[in-house]
Amino acid sequence: MAKPVNRLSAEEIELVRNSSLLVGKTLAEVARMIAPGVVTGALDRLAEEFIRDNGGVPGFKGLYGCPSTLLISVNEEVVHGLPGDRELKEGDIASVDCGVLMGGFYGDSAYTFAVGAVSAEKQALMDVTKECLLRGIAQAVANQRTGDIGFAVQQHAEAHGYGIVRELVGHGVGRKLHEAPEVPNYGRRGHGARLTEGMVIAIEPMVTMGRKEVRQLEDGWTVVTQDGKPSAHFEHTIAVRHGKAEVLSTFSYIEDVLRERGGKTA
Ligand code: MG
Ligand code: MG
């Protein structure tokens, strides 16, 4: 039996929005600092301090035993990379995933950053992954199903010859970081959980440059592509409301910083 789907009141959705906006601002702090030579653990410390200074609690730290505030996944790492002493290099791409708990509700969002100048191939992968997210979001309206989201994401990625990771999926968001329903990045139109007014979900395509198969490293966390090719990941928390998908998280703070720095936004 599928778990009952959590629908939030207008007031509760505002609390998810507050948490999600703090995630966006935290990722903008990451955007300010990320560069060749920066160590991933330093980004993690910055993020934790920023979240706590702004009245939130890191959403991942301590959950399922997660040791960090951010999950930073570089190049062939798909998701769940643990920050540490790894130094970022020119040409890397790094997915930075962040959650915040504030006012009793979570927010969840991820952005893939270019470290310095990246190859055209990596830039294209990031661009298409972000487009996949936007196409998935466009399907997240009442009476559509999670399969409609997955179908839209998968179609766009595969049209570019990319792989869609099957093992990790989007999810409901609320009083818990991960709630029902699951929101796969692949699927069939008209299948899956029905979307209804007030549902809050995270949509998070993980797109690979090569084959779609992944494996987990011995650290018990980091998920990498089996073929070692790069992967990108973008995530928004959205609410199904008033006949449309209302995006509760935002990339605008991040992309303002990236533009100030003269870098390319995905
Ligand atoms: Mg996330
Ligand atoms: Mg998520």
Side-chain angles (χ1 to χ4, degrees), residues 3 5-6 8 16-17 19-31 40 43-44 47-48 50-51 56-74 77-83 93-102 105-113 126 129-130 132-134 136-137 140 146 149-150 153 164-186 193 199-207 214 221-223 231-240 245 247-251 253-254 266:
K3 280 190 280 179
V5 161
N6 193 35
L8 303 188
V16 176
R17 191 197 311 276
S19 295
S20 300
L21 291 177
L22 182 50
V23 172
K25 289 174 183 168
T26 304
L27 292 175
E29 294 302 304
V30 170
T40 56
L43 295 174
D44 190 61
E48 176 164 4
F50 185 80
I51 290 168
V57 172
F60 300 163
K61 200 168 187 174
L63 198 64
Y64 319 117
C66 178
S68 58
T69 295
L70 301 178
L71 292 166
I72 304 179
S73 308
V74 183
E77 297 175 351
V78 179
V79 286
H80 301 169
L82 297 178
I93 59 172
S95 146
V96 181
D97 196 348
C98 182
V100 159
L101 175 62
M102 195 165 59
F105 287 82
Y106 282 91
D108 190 7
S109 182
Y111 197 90
T112 299
F113 293 91
M126 292 195 295
T129 306
K130 192 171 138 190
C132 285
L133 171 60
L134 299 180
I137 289 171
T146 52
I149 297 172
V153 169
I164 280 286
V165 173
R166 302 298 202 271
E167 289 84 348
L168 299 134
V169 297
H171 49 90
V173 177
R175 285 191 174 79
K176 293 194 207 133
L177 177 66
H178 294 131
E179 305 235 15
E182 290 196 342
V183 184
N185 296 302
Y186 60 94
M199 276 174 69
V200 175
I201 57 175
I203 303 175
E204 49 177 317
M206 290 150 249
V207 178
V214 297
W221 281 92
T222 316
V223 175
S231 170
H233 173 220
F234 287 84
E235 176 178 26
H236 270 316
T237 297
I238 68 107
V240 178
V247 182
L248 302 176
S249 49
T250 180
F251 296 153
Y253 302 118
I254 300 167

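Indexing begins at 1, ligand by ligand and atom by atom, following the structure's order. The analysis underlying the following values was restricted to heavy atoms, covering all of them including side chains, and did not include hydrogens, waters or symmetry mates. Fair warning: this is a prediction, and the values are worked out from it, not measured in the lab.
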Decide, counting backbone as well as side-chain atoms, whether H178 has an N, O or S atom less than 2.8 Å from the Mg ion (ligand 2). no

Starting at OG of S20, measure out to CE of M102 and round the result to the nearest 0.5 Å. 9.0 Å

Taking 2.8 Å as the limit, list every protein N, O or S atom around the Mg ion (ligand 1), by chain and residue number. D97 OD1, D97 OD2, D108 OD1, E235 OE1

Do P67 and L82 have side chains that approach each other closer than 4.5 Å (heavy atoms only, starting at C-beta)? yes

For F105, which residues count as a ring-ring contact (aromatic ring centres under 6.0 Å, His included) partner, sequence neighbours excluded? none

Can you list the residues that meet the side-chain contact (heavy atoms from CB on, under 4.5 Å) rule with T222, with sequence neighbours excluded? E77, L217, D219, V224

Side-chain heavy atoms of T250 within contact of L21, under 4.5 Å: yes

ring-ring contact (aromatic ring centres under 6.0 Å, His included) filter on H171, not counting sequence neighbours, yields H178

